[in-house]
Undergrad: 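Got a structure for you, written out below as structure tokens; questions coming shortly.
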Amino acid sequence: MKILVINCGSSSLKYQLLEMKNETVLASGNCEKIGLEGSFNKHEVGDFEVKTKVDMPTHSEAISFVMKALMEGEKAVIKSVGEIKAVGHRVVHGGEALRKSVIINDRVEKLIDSYSELAPLHNPPNLLGINACQQILPKAVQVAVFDTAFHSTLPEKAYLYGIPYNLYEKYKVRKYGFHGTSHRYVALRAAEMLGKPIEKLKLISCHLGGGASVCAIKNGKSVDTSMGFTPLEGLMMGTRCGDIDPAVVLYLMDKEGLSTDKISHLLNKQSGALGIACLGSSDFRDLEDAMAEGVKKAKLALDMFGYRVAQYIGQYAVAMNGVDAVIFTGGVGQKGPLQRTDICSYLGVLGLELDEEKNKARYGEADIATEKSTVRALMITTNEELMIARDTAALLKS
């Protein structure tokens, strides 16, 4: 069974074609600058990689080119579009109605569209990808896999805010959480690495990258997570401020004369590590280089990040009354030994002790805690595409 996984942004489209019999990636790639000048495709088959400039005014042209790349040339991996039995789409927001992966129909499309108000940068392009695949692959089953779905198990005490309850009822203002597909994958992988049933584990997953979130996973279910109504809540990130006194927002709007759009831009795009370090970059590698050169604000940004991750880990260890393992994944979580060292320096109280030699790793999967550590520290490569493909295959079989 061949399944195509699609992740659409406003001007981008990432894809993977998988053979589900052995969960093998046959081809992968991405289309960039869709609808813009200089659009191109990068296509990979094994060690082979080719970058092609191609005019892609819409996502339909991008999907068409992807099909061409999959079917033509000496690196073709399918003979016809009919070999693709289903398409799994990453959709960011499923709200309260879409609490698990589903086969897409008119009702599902309308619900995804209705949640565009909560995820204006994500759900609209996700729908564009769905519509394009419906046109180009009319016989393939279309499946939506939601970032928010894994967090649908949060209890009321975790997802409600301390505002009048009628505002939750009226506008559904609550914590939804994100990165759910990643948190779910690494939790399942952690159980395999630990050789224990996930139903008997207390795990804290740290998906750390430009966007970052921490998730408390008890008995295989998300019971709390750092991102909230939007991805702005929680950790200080690359360009997002994270947790902040709401009065600060009102104060800045008044003092700086900022509209809602401008304050949103400031908090989402100009804050976080970018705003603290003042380097013009939110890339943690640039921050590390600057810190090594003695730039104090770069060190401050990294210190603030690590401190806040550790705070959430401690908070969730309390929420679950213990923790068996802390998981590090994402571009920073997996490739940032300095960040892991900083974060784990606060966690001795939990019984976690980092093996500094093992912690030097930037790739692969490993238990990087010492033998005597009572809490394991796992470095795991996330694989959201495989999780989406598995959900899609399961729905197809059922």
Side-chain angles (χ1 to χ4, degrees), residues 1-9 12-30 42-47 49 66 77 84 86-92 100-101 122 126 129 143-151 177-195 198 201 203-215 217 220-222 225 325-336 340 361-368 376-396:
M1 184 194 299
K2 294 182 178 66
I3 289 176
L4 179 65
V5 175
I6 295 291
N7 181 357
C8 273
S12 66
L13 185 153
K14 297 179 182 178
Y15 61 90
Q16 275 193 12
L17 180 66
L18 296 96
E19 172 53 66
M20 295 309 295
K21 184 177 181 179
N22 300 309
E23 295 188 339
T24 304
V25 178
L26 301 177
S28 63
N30 58 289
K42 186 174 76 172
H43 185 71
E44 298 178 29
V45 179
D47 295 331
E49 179 181 311
V66 169
V77 291
I84 299 173
V87 183
H89 297 268
R90 180 210 177 199
V91 181
V92 167
K100 60 183 180 179
S101 300
H122 298 93
N126 295 159
V143 170
V145 179
F146 303 95
D147 277 7
T148 52
F150 184 56
H151 304 301
F178 301 90
H179 292 145
T181 307
S182 175
H183 288 305
R184 181 159 62 111
Y185 175 83
V186 297
L188 291 168
R189 184 72 190 108
E192 292 176 357
M193 292 173 68
L194 295 170
I198 194 169
L201 289 171
L203 304 169
I204 298 176
S205 169
C206 304
H207 180 109
L208 309 178
S213 67
V214 181
C215 182
I217 304 166
K221 296 181 179 179
S222 172
T225 188
V326 176
I327 304 164
F328 293 98
T329 193
V332 175
Q334 186 166 34
K335 299 178 182 179
R340 293 194 299 264
R362 291 179 179 267
Y363 302 97
E365 298 181 336
D367 183 340
I368 54 177
R376 309 320 302 164
L378 305 178
M379 188 177 81
I380 298 177
T381 306
T382 193
N383 196 332
E384 294 166 284
E385 290 80 11
L386 179 57
M387 199 81 259
I388 293 169
R390 286 174 176 173
D391 277 13
T392 301
L395 282 168
L396 203 61

Undergrad: Has Asp147 got a side-chain atom pairing as donor or acceptor with Thr181's backbone, closer than 3.5 angstrom?
TA: no
Undergrad: Got a donor-acceptor contact below 3.5 angstrom from the Gln16 side chain to the Leu4 backbone?
TA: no
Undergrad: For the atom pair CG (Asn30) and NE2 (His43), what is the distance rounded to the nearest 0.5 Å?
TA: 11.0 Å
Undergrad: For His207 and Ser213, does a side-chain donor sit closer than 3.5 Å to a side-chain acceptor?
TA: no
Undergrad: For the side chain of Asn126 and the backbone of Val92, is there at least one donor-acceptor N/O pair under 3.5 Å apart?
TA: yes
Undergrad: With distance as the sole test, does His122 use its side chain to make a donor-acceptor pair with the main-chain N or O of Val91 at under 3.5 Å?
TA: no
Undergrad: Looking only at heavy atoms, what is the nearest atom pair of Ala325 and Leu378, with distance?
TA: CB-CD1, 4.2 Å
Undergrad: As an exercise, state the distance from CG of Asn383 to CD1 of Ile388, rounded to the nearest 0.5 Å.
TA: 9.0 Å
Undergrad: Can you find a pair of side-chain heavy atoms, one from Tyr15 and one from Asn7, that are under 4.5 Å apart?
TA: no
Undergrad: Walk me through whether Arg340 and Met379 qualify under side-chain contact (heavy atoms from CB on, under 4.5 Å).
TA: CA-CA 10 Å; Arg340 293 194 299 264; Met379 188 177 81; 3.5 Å; yes
Undergrad: Taking all heavy atoms of Ala187 and all of Ile217, pick out the closest pair and write down the distance.
TA: CB-CD1, 3.7 Å
Undergrad: What are the two closest non-hydrogen atoms of Met20 and Ala389, and how far apart are they?
TA: SD-CB, 3.7 Å
Undergrad: Taking all non-hydrogen atoms of both residues, which atom of Gly129 and which atom of Cys8 are closest, and how far apart?
TA: CA-SG, 3.4 Å
Undergrad: On a heavy-atom basis, which atom in Lys335 and which in Tyr363 lie closest, and how many Å separate them?
TA: CE-CE2, 3.7 Å
Undergrad: Using side-chain heavy atoms (C-beta onward) and a distance below 4.5 Å, is Arg90 in contact with Val5?
TA: no
Undergrad: Given side-chain contact (heavy atoms from CB on, under 4.5 Å), test Leu386 with Glu23 step by step and report yes or no.
TA: CA-CA 8 Å; Leu386 179 57; Glu23 295 188 339; 3.7 Å; yes
Undergrad: Quick check for you: to the nearest 0.5 Å, what is the distance between Phe150 atom CZ and Lys100 atom NZ?
TA: 16.0 Å
Undergrad: Is there side-chain contact between His151 and His183, with heavy atoms separated by less than 4.5 Å?
TA: yes
Undergrad: Step by step, work out the side-chain contact (heavy atoms from CB on, under 4.5 Å) result for Thr392 and Leu18.
TA: CA-CA 11 Å; Thr392 301; Leu18 296 96; over 6 Å; no
Undergrad: Looking only at heavy atoms, which two atoms of Gly177 and Thr148 are closest? And how far apart?
TA: O-CG2, 3.3 Å
Undergrad: Taking atom CZ of Arg390 and atom CG of Leu188, what is their separation to the nearest 0.5 Å?
TA: 7.5 Å
Undergrad: Give a yes or no on this: more than 12 heavy atoms of other residues, nucleotides or ligands lie within 6.0 Å of atom NZ of Lys2.
TA: yes
Undergrad: Step by step, would you call Val143 with Asp391 a side-chain contact (heavy atoms from CB on, under 4.5 Å)?
TA: CA-CA 8 Å; Val143 170; Asp391 277 13; 5.5 Å; no
Undergrad: Determine all donor-acceptor pairs shorter than 3.5 Å in which one atom belongs to a side chain in residues 326-334; sequence neighbours excluded.
TA:
residue	atom	partner	partner atom	Å
Thr329	OG1	Ile380	O	2.8
Thr329	OG1	Thr382	N	3.2
Gln334	OE1	Thr381	OG1	3.3
Gln334	NE2	Gly364	O	2.6
Gln334	NE2	Thr381	OG1	2.6

Undergrad: Supply the atom-to-atom distance Ile6 CD1 to Leu17 CG, rounded to the nearest 0.5 angstrom.
TA: 9.5 Å
Undergrad: Please report the interatomic distance CE(Met1) to CD(Glu19), rounded to the nearest 0.5 Å.
TA: 8.5 Å
